Amino acid sequence: MNILIKNIKTLVQIDNSLRSKASGKEMSELETIDDAFIYLSDGKIDKFGKMIDLSQLPELQNQNSYQTIDAAGGMVFPAFCDSHTHLVYPASREIEYIDKIKGVSYEEIARRGGGILNSARKLQEMSEEELTIDALGRLQEIARYGTGAVEIKSGYGLTTESELKMLRVIRRVKELSPLTIISTFLGAHAVPLDYKGRQEEYVDLIINEMIPVVASEGLADYIDVFCDRGFFTVEDTDRILNAGMKYGLPPKIHANELDYSGGIQVGVKYGALSVDHLEFTGEAEIEALLGSDTMPTILPGAAFFLNMQLAPARRMIDAGLPVAMASDFNPGSSPSGNMQLILSMACILYRLTPEEAINATTLNTAYAMGLSHELGTIAIGKKANLFITRPMPSVAYMPYYFGVNKVEKVILNGKVV
Ligand code: NIG
Ligand code: FE
């Protein structure tokens, strides 16, 4: 049934010009309408405007033809787009978290066979059904916090069979969940133990065996590589992205989390849709990104959880770049998919204004999934993915009042979930 939401205190992030992303100074532009309504029809945004103009719309006079929701002073935002997660995973890893508190580094845990390899071992023992049920639970959880679209990566498989298992789970949750889901193949997440000292052979396996079958079964929208110190080199990344391009898999890559790895540059070279993490970003990296179509994506949850230096978001925006911010929801470096918390971290830790932070978590993350034509703003014809908040005094209250859920109702594809 179509839905009319009335008495909206502020309708946030409206967009009449159908921007594909916001860069530099544009990131502080956030259009709003006070005392607003929005009408959703056939799963799409049909019209919106001021409450006083509602009575003049003839098509809304027959109130039996649609459901009315009274926002009662709450605000309406476009649902968050979370462009980087690993939310299909087998089990939590709080034991490693305690090691990290005691001072053991992420890389040291990985060298000991923990980290990603720990998840890979456990994933092999789980069935597709079990993984699907757990992932659906996490999707429900993030939807309650206002996320309406999410990218999910493989990368806890690390054998052809297990990587395919993960990607099939992603395909299954895509069918079952009301969220919009994008799938990314991340065979190059870590080198499995049996390939220790033979990294190139593992890269060969990805190129010669995994990519062709992933592509032929249509299991992924994008390809990813963890291009960083102690993981995959620029040369490995170059080979993998090149193979991915041949099979029509555009890249979105993990880069510059642990060092000035060259990941940003190799991503830009292959026209990556996004490069993600970016703690080690200097002038050369900013220069490489300027003039490219690649979305620099920062993952505040991982930097916070691993106690890392922060990516220079402010410097990037001031240089004219766009910035997206996503959750990185995963059991090792960011066990949270709460995008409201990311919004607060964007402001508190990275010094983005609330307007910039909202663009970073809606429009720019939609771009980083290749979806900004249909998601990320309140625009006529876009998918009706939005949420209604509790009554709030201002838009800035959303990042300001951090740590609790301000979302009261979530609507995805024009239906209350
Ligand atoms: O994005 N940095 C690499 N990969 C993930 C972590 C995955 C894990 O530790 O399980 C990330 O932070
Ligand atoms: Fe990640």
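Because the structure is predicted, anything quoted here is derived from the model rather than measured.
Of the N and O atoms on the side chains of Thr180 and Lys383, at least one donor lies less than 3.5 Å from an acceptor on the other residue. There is no side-chain donor-acceptor pair under 3.5 Å between Gln13 and Thr377. With hydrogens and angles left out, the side-chain atoms of Asn7 and Asp70 include a donor and acceptor closer than 3.5 Å. Looking at Thr184 and Glu151, their side chains do bring a donor and an acceptor atom within 3.5 Å of each other. Side chains of Glu96 and Asn118: a donor-acceptor N/O pair is present below 3.5 angstrom, by distance only. Side-chain atoms of Ser119 and Arg93 form a donor-acceptor pair, as typed in the model, at a separation below 3.5 Å. No hydrogens or angles considered: a donor-acceptor pair under 3.5 Å links the side chains of Ser127 and Glu130. A donor-acceptor pair shorter than 3.5 Å cannot be found between the side chains of Asp82 and Thr147. Looking at Lys252 and Ser274, their side chains do bring a donor and an acceptor atom within 3.5 Å of each other. Glu355 and Ser28 share no side-chain donor-acceptor pair at under 3.5 Å.
For Phe77 and Phe387, the gap between ring centers is short of 6.0 Å. Residues Tyr39 and Phe48 keep their aromatic ring centres 6.0 Å or farther apart.
Ring-plane geometry between His86 and His84 is classed as tilted, the angle between the planes lying from 30 to 60 degrees on a 0 to 90 degree scale. The aromatic rings of His254 and His277 are tilted relative to each other, their planes meeting at an angle between 30° and 60°. In this pair, Phe329 and Tyr89 present their aromatic rings perpendicular. The plane angle is above 60°, beyond the 30 to 60° band.
The pair Asp221-Lys174 counts as a salt bridge, with a side-chain nitrogen and a carboxylate oxygen less than 4.0 angstrom apart. By the 4.0 Å N-to-carboxylate-O rule, Glu129 lies too far from Arg172 to be salt-bridged with it. Lys153 and Glu163 are not joined by a salt bridge, as no carboxylate oxygen comes within less than 4.0 angstrom of a charged side-chain nitrogen.
With hydrogens and angles ignored, the 3.5 Å screen pairs no side-chain donor or acceptor of Asp46 with any backbone N or O of Ser41.
Each of Lys100, Arg112, Arg229 was compared with Glu107 under the salt bridge (Lys or Arg N to Asp or Glu O under 4.0 Å) criterion, and only Arg229 meets it.
Heavy-atom contacts from other residues, nucleotides or ligands closer than 6.0 Å to OH of Tyr97 number 12 or fewer.
Note that the CD1 atom of Ile342 and the CG atom of Asn338 stand 7.5 Å from one another [nearest 0.5 Å]. Here CZ of Arg19 is found 5.0 Å from CG of Asn359. Values are rounded to the nearest 0.5 Å.
Ser261 pairs by the side chain to side chain donor-acceptor pair (under 3.5 Å) definition with Asn256, not counting sequence neighbours.
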For Ile298 and Val323, run side chain to side chain contact (heavy atoms under 4.5 Å, CB included): C-alpha distance rounded to whole Å, both residues' side-chain angles, the deciding distance at 0.1 Å, then the answer.
-> CA-CA 7 Å; Ile298 294 172; Val323 164; 3.9 Å; yes
